[in-house]
Amino acid sequence: MCGIVGYIGTHAAAPVILEGLAKLEYRGYDSAGMAVFDGERIQITKSAGRLKVLEELTHDGATMPGVVGIGHTRWATHGAPSNENAHPHYNMNETIAVVHNGIIENYLPLKEKLISRGYQFTSETDTEVLAHLIDYYYKGNPLEAITKVMHRVQGSYALGIIFAEHPDEIFAVRKDSPLIVGQNENGCFIASDVPAILKYTRKVYFIENQEVVRLRADHMHFYTVDEEEITKEPVTIEWDSDAAEKGGYEHFMLKEMYEQPKTVTDTLMPRLKDGDIVIEELGMSDEEIQSIRKIYIVACGSAYHTGVTAKYVIEGIARIPVEVDVASEFRYRDPILEDGTMVIVISQSGETADTLAALRESQKRGHKVLGIVNVVGSSIAREADNVMYTWAGPEIAVATTKAYSAQLIALYLLAMKFAKVRGKLEEEAFQHMLEDLKRLPEQIEMLLSNKKKIQKFANRYVAAKDVFFVGRGIDYAISMEGSLKLKEISYIHSEAYAAGELKHGTISLIEEGTLVAAVATQDKLFQKTLSNMVEVKARGAFVLAVTNEGNTDIEKAADYVIYIPSTNPYFANSLAIIPLQLFGYYVAVGKGCDVDKPRNLAKSVTVE
Ligand code: AGP
């Protein structure tokens with residue numbers, strides 16, 4: 001996510017901002033900038049690259065004198081990393097400066113309206129729309145202008161705003177993206193997260209959705225979106241700075257698991273418009289979608305597992321043949337790519353060498369490639385013919401969770417879009433599926449609340465030697481990811497198996513007490529998987545089952561059952577994977593493993 005820091009007080013603002021942004025570097029970013037009121041005007045310095053570039057450009061802030069300022073580290077979502085796209089952003093006469101963390105879902109229609117009213121843009125960002133929109137509503141009263149903007153924009157935002165005509169104030173605004181404010185004897189502060197201001201104060205105010213804060217050097221006022229003044233109670237932060245970077249979570253992986261409801265929302269909602277799916281970045285006409293004869297999905301690791309899921313979903317609802325391959329195999333198999341084959345590569349980092357090579361191989365053979373990527377401006381994002389971003393924000397833990405969940409959403413949207421355009425999905429079924437998609441964030445939230453129960457169960461398996469994950473259809477794809485999550489962070493051997501395949505050899509490995517995790521979310525395959533559970537149980541296995549609420553028959557064959565709420569069977573992966581992520585996490589924690597940085601692994605495998 002982006003990082004925001006602001007300061008107003010008796011000291012120079014720039015050094016305070018730079019130091020605060022440095023504390024937010026863990027959030028991942030690709031550019032940085034500051035806006036400081038120098039007594040006459042708002043000065044902005046910003047640049048792509050690391051914070052060090054900004055420090056050098058401003059001589060550690062010395063070239064930007066002034067006691068009021070806002071700063072930003074940008075994690076690109078709309079517009080590649082560049083000086084122009086870096087924040088802060090000005091209005092046209094440079095009397096307003098804005099920094100933003102979040103995604104403005106309706107920025108394009110707003111931008112078109114502003115352009116029609118003579119506004120000129122210098123960047124590709126959704127944030128610049130905010131700067132001009134505030135300008136559009138500003139008639140001398142900053143609070144009035146800001147609240148009008150809040151009524152117009154849709155999406156998520158944490159904002160820091162300064163006005164040249166009100167140099168004794170900073171404004172902070174929040175909707176969905178986190179923002180805090182704090183105060184000490186030398187001034188007032190805004191920040192995206194606690195670490196940025198922990199040095200100055202442990203007493204912070206967490207801004208709630210649709211609240212606005214007016215900060216002056218020696219006091220703060222809080223308002224609702226209707227400009228009513230409210231009072232808020234501060235929270236005293238007990239964390240140390242290391243814990244604070246993880247938002248109080250013990251590991252980034254746990255923090256990112258808990259961000260999944262938001263990353264699912266952020267990837268889903270901007271692409272739902274008036275009851276339809278709109279994927280502007282797909283770059284394909286309806287005719288081109290209708291002419292697809294086959295889809296080839298290529299990726300590595302967890303991204304490959306989302307591709308396996310997508311095969312079942314796309315073939316199931318759009319009836320387009322799908323082949324899925326690991327990139328390291330695809331690139332050397334001299335793949336047969338017939339005319340009409342669409343290639344999709346999936347990558348969180350956008351830098352995985354094998355996946356990038358697969359993209360280039362496909363293009364060399366004359367096939368367009370769609371990239372589903374999380375890191376804006378990454379190699380795969382730049383080289384793909386079209387890019388559909390997963391807006392999961394930076395993922396720090398090596399074991400992917402929130403990016404994986406966002407990739408699933410992107411693939412469901414593609415499958416449903418293709419199915420509808422090709423006349424394979426009736427409007428009523430389509431709308432029901434949209435409703436099921438919109439329910440996923442709250443259902444994920446509910447499953448995450450079971451963490452204590454999962455932790456208790458996981459503690460029984462810290463000494464396990466072999467764990468098997470089995471399932472049929474989409475449940476097999478879920479099993480693949482559940483198995484990888486466990487083994488890559490706990491170092492316990494684990495395998496995922498198509499449940500029907502067990503009897504062809506692997507079942508000989510089942511011994512007394514062997515843990516078998518059976519995933520049974522696909523009702524039409526439930527009885528078959530139930531039989532497989534009975535088979536392994538008869539040979540001594542301890543069976544953990546993950547199934548849909550109401551499938552209580554499973555308790556006849558399972559020793560421990562985790563129920564997931566009802567959703568469309570094609571979306572079951574998004575829910576069933578949550579307890580399996582938590583299981584792998586807590587087994588690894590129980591073993592004392594380095595959960596965020598497992599041995600031998602890198603977050604992005606940029607070599608073959
Ligand atoms: C998953 O937890 C692993 N970190 C790994 O399998 C990862 O999914 C794989 O290396 C692909 O990375 P990418 O999505 O960045 O291309």
Side-chain angles (χ1 to χ4, degrees), residues 76 80-81 279 281-285 287-315 318 320-390 392 395 398 400 403-404 406-408 410-415 417-418 477 480-481 484 488 601-608:
I279 309 174
E281 63 275 36
L282 185 55
M284 292 174 80
S285 65
E287 292 68 34
E288 286 171 314
I289 291 174
Q290 281 156 355
S291 66
I292 299 169
R293 291 172 53 193
K294 180 176 179 181
I295 294 174
Y296 223 123
I297 299 177
V298 188
C300 298
S302 295
Y304 166 73
H305 298 156
T306 64
V308 176
T309 300
K311 173 182 172 64
Y312 291 104
V313 181
I314 295 171
E315 289 188 345
I320 302 171
V322 178
E323 192 161 341
V324 195
D325 211 347
V326 290
S328 53
E329 287 296 306
F330 177 88
R331 65 182 291 191
Y332 294 117
R333 70 160 73 245
D334 192 8
I336 299 169
L337 299 179
E338 299 105 339
D339 289 349
T341 298
M342 173 187 189
V343 178
I344 300 174
V345 296
I346 307 168
S347 177
Q348 186 287 127
S349 63
E351 300 299 345
T352 300
D354 286 323
T355 309
L356 182 58
L359 177 155
R360 291 170 176 164
E361 184 63 28
S362 304
Q363 289 177 330
K364 203 165 73 178
R365 295 161 180 256
H367 289 266
K368 280 190 166 185
V369 178
L370 171 68
I372 296 180
V373 184
N374 194 43
V375 179
V376 175
S378 56
S379 302
I380 290 173
R382 286 197 312 276
E383 296 191 26
D385 297 283
N386 294 293
V387 185
M388 185 176 180
Y389 282 117
T390 50
E395 194 173 58
V398 166
T400 182
Y404 173 89
Q407 286 164 359
L408 288 174
L411 291 160
Y412 300 153
L413 288 169
L414 276 178
K417 175 84 184 167
F418 290 173
M480 288 176 180
E481 180 60 11
L484 179 59
E488 70 175 321
L601 295 181
K603 182 58 186 169
S604 174
V605 184
T606 56
V607 294
E608 278 203 55

* Asked: Can you name the nearest heavy-atom pair linking Tyr404 to Thr400, along with the distance?
  -> N-OG1, 3.4 Å
* CD/Glu281 to CD1/Ile372 distance, rounded to the nearest 0.5 angstrom? -> 10.0 Å
* To do: Could you tell me which non-hydrogen atom of Ala403 sits nearest to which non-hydrogen atom of Gln348, and how far apart they are?
  => CB-CG, 3.3 Å
* To do: Answer whether the closest heavy-atom distance between the side chains of Val313 and Leu411 falls below 4.5 Å.
  => no
* Asked: In terms of side-chain geometry, is the basic nitrogen of Asp325 or Arg331 positioned less than 4.0 Å from the acidic oxygen of its partner?
  -> no
* To do: Taking atom NZ of Lys294 as the centre, report whether more than 12 heavy atoms of other residues, nucleotides or ligands fall under 6.0 Å from it.
  => yes
* To do: Please report the closest heavy-atom contact between Cys300 and Thr352, naming both atoms and the distance.
  => SG-CG2, 3.8 Å
* Atom CD1 of Ile292 and atom CZ of Phe418: how far apart are they, to the nearest 0.5 Å? -> 4.0 Å
* Structure fact -> In this structure, CG of Leu359 is separated from CZ of Arg382 (nearest 0.5 Å) by 11.5 Å
* To do: Enter the distance from Tyr304:OH to Thr355:OG1 here, rounded to the nearest 0.5 Å.
  => 12.5 Å
* To do: Taking Thr390 for its side chain and Val373 for its backbone only, find out whether a donor-acceptor pair lies under 3.5 Å.
  => yes
* Ignoring hydrogens and geometry, is there a side-chain-to-backbone donor-acceptor pair from Glu481 to His305 under 3.5 Å? -> no
* To do: With the side chain counted from C-beta on, respond yes when Lys364 and Arg360 share a heavy-atom pair under 4.5 Å apart, and no when they do not.
  => no
* Do Asn374 side-chain atoms and Ala392 backbone N/O form a donor-acceptor pair below 3.5 Å? -> yes
* Going by atom types alone, do Ser378 and Glu351 pair a side-chain donor with an acceptor below 3.5 Å? -> no
* Is there a side-chain contact between Glu323 and Pro335, using heavy atoms and a 4.5 Å cut-off? -> no
* Asked: Less than 4.5 Å apart, any side-chain heavy atom of Ile344 and any of Ile295?
  -> yes
* Asked: So how far is it from Asp354 CG to Phe330 CZ, rounded to the nearest 0.5 Å?
  -> 12.0 Å
* Please confirm whether the backbone N or O of Ser285 pairs with a side-chain atom of Glu288, one donor and one acceptor, at under 3.5 Å? => yes
* Asked: At their closest point, which heavy atom of Ile346 faces which heavy atom of Ala299, and how far apart are they?
  -> O-CB, 3.4 Å
* **Donor-acceptor contact below 3.5 Å, side chain Arg293 vs main chain Glu338** => no
* Structure fact -> Nearest heavy-atom contact between Ser362 and Val369 is CB-CG2, 3.7 Å
* To do: For residues Ala76 and Val376, report the shortest heavy-atom separation together with the two atoms involved.
  => O-CG2, 2.7 Å
* **Heavy-atom side-chain contact between Met342 and Met284 under 4.5 Å** => yes
* Measure the CD1-CG distance between Ile297 and Leu370 for me, rounded to the nearest 0.5 Å. => 9.5 Å
* How about Lys311 and Val308: do any of their side-chain heavy atoms sit closer than 4.5 Å? -> no
